[in-house]
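Nothing here was measured: the structure is a model prediction, and the numbers come from that model.
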Amino acid sequence: MESSSAITLSHLPYVYPAIPNTNRKPTFWPAGKRRNSQLSTRLHCNKMFVPGFGEASPEAKAAQNLHNFFTFVAVKIVAAQLESYNPEAYVELMEFVGKHPLDDGDKFCASMFRESSRHKNLALRIMEVRSSYSQNDFEWDNMKRLAFKMVTESNTRLMRDYVSETSRAETEK
């Protein structure tokens, strides 16, 4: 759904009331340099407003979750690599993973850096794999397609379940 409105600059102070502050410069153009009142500022509002996310958009929150997920994936990849050619480093990594949660990827890597020089090398490897995986191997289009499919199938299933429950309840009356 798309909605837009044209507001001339003379209307803006009513839309965005000025907050008195003597230290600030004027928000709008000085009187001699005002834009032509025939030109309008178009405000495009073609996305849903999602309340309750504070400083970040839902996309920013999803990106943060994906960032942490990429760290998790990188740890799994590095662990699988180490298991076959460096069992000692694999054991160290698994012990570290057991002691430190992977819910915040940056925090995990930062604490790994500070553990020891051997752990520092593991952290560098995890960050390298995380970056490479997110840029080259993660199938973004496939994720989008799967997300759409999951939402559609879930909505259909939930509506079907609701209709069958309500129709059963009405026939029992």
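- The backbone N or O of M127 lies less than 3.5 Å from no partner atom in the side chain of S131, so there is not a single donor-acceptor pair.
- Residues N65 and F69 fail the side-chain proximity criterion, which asks for heavy atoms closer than 4.5 Å.
- N68 places no side-chain N or O within donor-acceptor distance of the main-chain N or O of D104, the cut-off being under 3.5 Å.
- One finds the CD atom of E128 at 11.0 Å from the CD1 atom of I126 (value rounded to the nearest 0.5 Å).
- By the neighbour-count criterion of 12 heavy atoms within 6.0 Å, atom CZ of F96 is densely surrounded, having more than that number from other residues, nucleotides or ligands.
- For the residue pair H119 and E92, the shortest heavy atom distance occurs at NE2-O, 3.9 Å.
- Residues F113 and L124 form a side-chain contact, since some pair of their non-hydrogen atoms from C-beta on lies under 4.5 Å apart.
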Q. Checking side-chain contact (heavy atoms from CB on, under 4.5 Å) for the pair L93/M112: CA distance, chi angles, key distance, verdict?
A. CA-CA 9 Å; L93 177 60; M112 188 172 248; 3.3 Å; yes
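- Looking only at distances, a side-chain donor or acceptor of T166 sits under 3.5 Å from a matching main-chain atom of Y162.
- Of all the heavy atoms in S167 and S164, the pair that sits closest is OG-O, 3.1 Å.
- M94 and A79 make their closest contact through CE-CB, 3.6 Å (heavy atoms, listed as atom of the first residue, atom of the second, distance).
- Taken to the nearest 0.5 Å, the CD1 atom of I77 stands 9.0 Å off from the CZ atom of R125.
- A distance of 10.0 Å separates NE2 of H67 from CZ of F70, quoted to the nearest 0.5 Å.
- In terms of heavy atoms, P101 sits closest to F108 at O-CD1, 3.6 Å.
- Heavy atoms of other residues, nucleotides or ligands lying less than 6.0 angstrom from OH of Y85 number more than 12.
- Looking at W140, its side chain never comes within 3.5 Å of a backbone N or O of Q135 through a donor-acceptor pair.
- When all heavy atoms of A89 and L122 are compared, the closest pair comes out as O-CD1, 4.2 Å.
- Shown here is N142, whose CG atom has more than 12 heavy atoms of other residues, nucleotides or ligands within 6.0 Å.
- Remark: C109 SG to R114 CZ distance equals 11.0 Å, nearest 0.5 Å.
- Here the CD-NZ distance, from Q64 to K61, works out to 8.5 Å after rounding to the nearest 0.5 Å.
- Salt-bridge formation is detected for the pair R118/E88: a Lys NZ or Arg NE/NH1/NH2 atom is positioned less than 4.0 Å from an Asp or Glu carboxylate oxygen.
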Q: Show your reasoning for whether side-chain contact (heavy atoms from CB on, under 4.5 Å) applies to F138 and L66.
A: CA-CA 11 Å; F138 188 75; L66 272 174; 4.1 Å; yes
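- A pairwise comparison of heavy atoms in V129 and V78 identifies CG2-CG2, 3.8 Å as the closest pair.
- Here the side chains of H100 and K107 are not in contact, with every heavy-atom distance at 4.5 Å or above.
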